[in-house]
Enquirer: 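The following block contains the structure, expressed as structure tokens.
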Amino acid sequence: MTTDIRAATLETLPDSEAVALRMADLLVEGILAKTDGPFRVALSGGSTPKRLFEILATPSRAKQIPWERVEIFYGDERHVPEGHADSNHTVGQSVLLSRVPVPAQNVHAIPTGGTAEEDAKAYEKTLQAAYGAMTLDPQRPLFDLVMLGLGTDGHTASLFPGQPVLKERTAWVGTAAPSTAPYERITLTYPAIQSSALVVFLVTGASKVEMLERLVEGDSSIPSARVTSEGRIIILADRAAVGEYP
Ligand code: 6PG
């Protein structure tokens, strides 16, 4: 049964550190509970997940995780050269993945060496190879966990307002050329995000108050509020982002 954002659980935490710690707990719980195959997680980009990555890389946390059973993907990527400071994988690699024993073959960075369309197609093939099929089965989600951020324009992943990719209902990966953020982007589409056992939004800071309220209310005029899941949706937000919202 598909879950939409109005059925999401909002967890309000004291601050961004508590949000990162809660996300780390959810990840460890999910990984340890998954015994019938690899735990496939799509990491979110931007600045919010950095603290989470630092926490997961600390020895006390890192040793809790059977990294050989974790497969790492990304929800989106800026279409910049490999190693670029603004690449989500550059951050993931430097803050987390280079510091934990996750097998290199388990890390699936979004390619950025071709055109955005070519790289989106290549990433879709990677996802299909990992999934073992070219059609998503609602009973067998592609991802065990999809982490998402929330932009101040209401975007999530690289599903930006007004972009054609918002209409994509078949492809698993698409491109975006946002007017409100730099770089062409490669992004999971709504169908790929929906193919999840759990979606977790990480939302911190006062700049997100308006969009968090619209997200929680299910205001479908913002892209993030159109996210669905075959499983659960949790919104982890700190007090600063929740503001005066009851
Ligand atoms: C990206 C992200 C994007 C991000 C939001 C929030 O590549 O930028 O995937 O969706 O999650 O813009 O960004 P912050 O965490 O920096 O506020």
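For ligands, and for the atoms within them, numbers begin at 1 and follow the listed sequence. Starting from 1, each residue takes its place in the sequence as its number. Keep in mind it's a predicted model, so treat the numbers as computed, not measured.
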Enquirer: Please list, in number order, the atoms of ligand 1 under 4.0 Å from a heavy atom of Gly149.
Expert: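 Here the atoms of ligand 1 in question are 11 (O).
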
Enquirer: Please determine if Asp144 and Arg40 form a salt bridge, counting it only when a charged side-chain N lies under 4.0 Å from a carboxylate O.
Expert: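 Looking at Asp144 and Arg40, the cut-off is not met.
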
Enquirer: By the definition side chain to side chain contact (heavy atoms under 4.5 Å, CB included), identify the one residue from Leu150, Val203, Leu202, Val242 that meets it with Ile235.
Expert: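 When side chain to side chain contact (heavy atoms under 4.5 Å, CB included) is applied between Ile235 and each of Leu150, Val203, Leu202, Val242, only Val203 qualifies.
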
Enquirer: What protein heavy atom is closest to atom 13 (O) of ligand 1, reported as residue, atom name and distance in Å?
Expert: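 The closest heavy atom on the protein side is Gly46 CA, 4.0 Å.
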
Enquirer: Nearest non-hydrogen atom to atom 17 (O) of ligand 1 belongs to which of Lys208, Lys50, Met147?
Expert: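 Looking at heavy atoms only, the winner is Lys208.
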
Enquirer: Between Tyr123 and Phe73, what is the ring plane arrangement, given parallel below 30°, perpendicular above 60°, and tilted in between?
Expert: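 Tilted, since the angle between the ring planes falls between 30° and 60°.
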
Enquirer: Below 3.5 Å, N or O to N or O, backbone or side chain included: is there any such pair between Asn88 and ligand 1?
Expert: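 So ligand 1 has an N or O lying under 3.5 Å from an N or O of Asn88.
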
Enquirer: Are Glu124 and Lys121 within salt-bridge range, i.e. N to O under 4.0 Å?
Expert: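 Looking at Lys121 together with Glu124, the answer is yes, because their closest N to O distance falls below 4.0 Å.
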
Enquirer: Which residue is it: Thr112, Asp119, Thr175? I am looking for the one with a side-chain hydrogen bond (donor to acceptor under 3.5 Å, both in side chains) to His79.
Expert: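 Among the candidates, only Asp119 passes.
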
Enquirer: Answer side chain, backbone, both or neither: which part of Asp76 comes under 4.0 Å from ligand 1, heavy atoms only.
Expert: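 The answer is the side chain.
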
Enquirer: Has Thr126 got a side-chain atom pairing as donor or acceptor with Ala122's backbone, closer than 3.5 angstrom?
Expert: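 Here the side-chain-to-backbone pair exists.
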
Enquirer: Considering only heavy atoms, does Glu77 approach ligand 1 within less than 4.0 Å through its side chain, its backbone, both, or neither?
Expert: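 Neither part.
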
Enquirer: Can Arg140 be said to sit on top of Tyr131's aromatic six-ring, NZ or CZ under 6.0 Å from centre and within 45° of the ring axis?
Expert: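 Cation-pi check for Arg140 and Tyr131: passes.
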
Enquirer: Just to confirm my output: which protein heavy-atom neighbour is closest to atom 12 (O) of ligand 1, and how far is it?
Expert: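 I find the closest protein heavy atom is His155 NE2, 2.8 Å.
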
Enquirer: State whether a side-chain donor-acceptor pair under 3.5 Å links Asp153 with Thr180.
Expert: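 On atom types as modelled, these side chains qualify, holding a pair under 3.5 Å.
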
Enquirer: Heavy atoms only, cut-off 4.0 Å: how does Leu150 contact ligand 1, side chain, backbone, both, or neither?
Expert: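 The answer is the backbone of Leu150.
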
Enquirer: Can you name the residues that form a salt bridge (Lys or Arg N to Asp or Glu O under 4.0 Å) with Glu82, not counting sequence neighbours?
Expert: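 Result, salt bridge (Lys or Arg N to Asp or Glu O under 4.0 Å) vs Glu82: none returned.
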
Enquirer: Could you tell me which atoms of ligand 1, counted from 1 in the order shown, lie closer than 4.0 angstrom to a heavy atom of Arg185?
Expert: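 Numbered from 1, ligand 1 contributes 1 (C), 7 (O), 8 (O).
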
Enquirer: Students should be able to answer this: which protein heavy-atom is nearest to atom 8 (O) of ligand 1, and at what distance?
Expert: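 Here the closest protein heavy atom is Arg78 NH2, 2.7 Å.
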
Enquirer: Suppose we measure from atom 4 (C) of ligand 1 to each protein heavy atom; which comes out shortest, and what is that distance?
Expert: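 For atom 4 (C) of ligand 1, the nearest protein heavy atom is Gly45 O, 3.9 Å.
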
Enquirer: Give the contacting part of Ser47 toward ligand 1: side chain, backbone, both or neither, where contact means a heavy-atom distance below 4.0 Å.
Expert: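 Near ligand 1, Ser47 shows its backbone as well as its side chain.
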
Enquirer: With a 4.0 Å heavy-atom cut-off (strictly under), which part of Ser207 contacts ligand 1: side chain, backbone, both or neither?
Expert: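 Under 4.0 Å from ligand 1, Ser207 contributes no heavy atoms.
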
